[in-house]
Amino acid sequence: MKNIIATDKAPAAIGPYSQGIAANGFIFTSGQLPIDPATGAFVPGGIAEQTRQSLLNLKAVLEAAGSSLDKVVKTTVFLSDMNNFAEMNKVYGEVFGTGNYPGRSAVEVARLPKDGLVEIEAVALA
């Protein structure tokens, strides 16, 4: 059985997909762009600000499902430019905190929706 996760504390889906799905004890989130849910626009700033907002959006989806960042077991980080890796990594580490890092892949992609600098998705325990 699967349940659709939806919250107004994260950006609404911009296509035919859900913010997240809960199934068999896991939460699968869609990629979270650095969109401020209050304005519908990207947060101002560069990769640090965009990474932080993407992670805040991810947190909101997880919390709407009754989960949290502490329960994340795997993330995938999509970067528009791998030269932004170090700065993204710094913010990522701050948000997840010491000693609770999930498994992670980070890849450079040709382009992200709305020309974002970063998009982050996760799998978490429910």
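More than 12 heavy-atom neighbours from other residues, nucleotides or ligands sit within 6.0 angstrom of CZ on Phe28. By the 6.0 Å contact criterion, NZ on Lys74 is enclosed, its count of non-hydrogen atoms from other residues, nucleotides or ligands being greater than 12. Applying the 6.0 Å contact sphere to CG of Asn100 captures more than 12 heavy atoms from other residues, nucleotides or ligands.
In this structure, Thr29 OG1 and Lys59 NZ are separated by 14.5 Å, a value rounded to the nearest 0.5 Å. To the nearest 0.5 angstrom, Asp81 atom CG is 5.5 Å from Glu108 atom CD. Taking CG of Leu33 as the start and CD of Glu121 as the end, the distance is 11.0 Å to the nearest 0.5 Å.
Under the 4.5 Å side-chain heavy-atom criterion for grouping Ile, Leu, Val, Met, Phe, Trp and Tyr, Val91 is connected to Leu79 within one hydrophobic cluster. A continuous path of ILVMFWY side-chain contacts below 4.5 Å connects Leu117 to Tyr92, so both sit in one hydrophobic cluster. The hydrophobic cluster containing Leu62 also contains Val95, counting ILVMFWY residues as joined when their side-chain heavy atoms lie under 4.5 angstrom apart, directly or transitively. Linking Ile, Leu, Val, Met, Phe, Trp and Tyr whenever their side-chain heavy atoms come within less than 4.5 Å leaves Val73 and Leu58 in two separate clusters. The hydrophobic cluster containing Phe96 also contains Met88, counting ILVMFWY residues as joined when their side-chain heavy atoms lie under 4.5 angstrom apart, directly or transitively.
Under a 4.5 Å side-chain heavy-atom cut-off, the cluster of Ile, Leu, Val, Met, Phe, Trp and Tyr residues that includes Ile21 is completed by Ile4.
Across every non-hydrogen atom of Ala23 and Lys2, the tightest pair is CB-CB, 4.1 Å. The heavy-atom pair separating Phe42 from Pro113 by the smallest distance is CZ-O, 3.9 Å. When every heavy atom of Leu112 is checked against every heavy atom of Glu119, the shortest pair comes out as CD2-OE1, 3.5 Å. Closest approach of Ala65 and Ile5 over heavy atoms only: CB-CD1, 3.4 Å. Considering all non-hydrogen atoms of both residues, Phe85 and Ala106 come closest at CE1-CB, 3.8 Å. The two residues Ala60 and Thr7 have their closest heavy-atom pair at O-CG2, 3.9 Å.
Formation of a donor-acceptor pair under 3.5 Å by the Glu49 side chain with backbone atoms of Gly46 is found in this model. A donor-acceptor pair under 3.5 Å links the side-chain atoms of Ser67 to the main chain of Leu125, judged by distance alone. With Glu87 contributing its side chain and Ile47 its backbone, the two residues share no donor-acceptor pair below 3.5 Å. A donor-acceptor pair under 3.5 Å is absent between the side-chain atoms of Thr75 and the main chain of Arg104, judged by distance alone.
No side-chain heavy atom of Glu63 sits less than 4.5 Å from a side-chain heavy atom of Leu69.
With Gln32 as the fixed residue, the side-chain contact (heavy atoms from CB on, under 4.5 Å) test singles out one of Val61, Leu55, Val118: Val61.
If you check the side chains of Thr51 and Lys90, you find no donor sitting under 3.5 Å from an acceptor. Checking Arg52 against Asn57 by side-chain atom types alone, no donor-acceptor pair falls below 3.5 Å.
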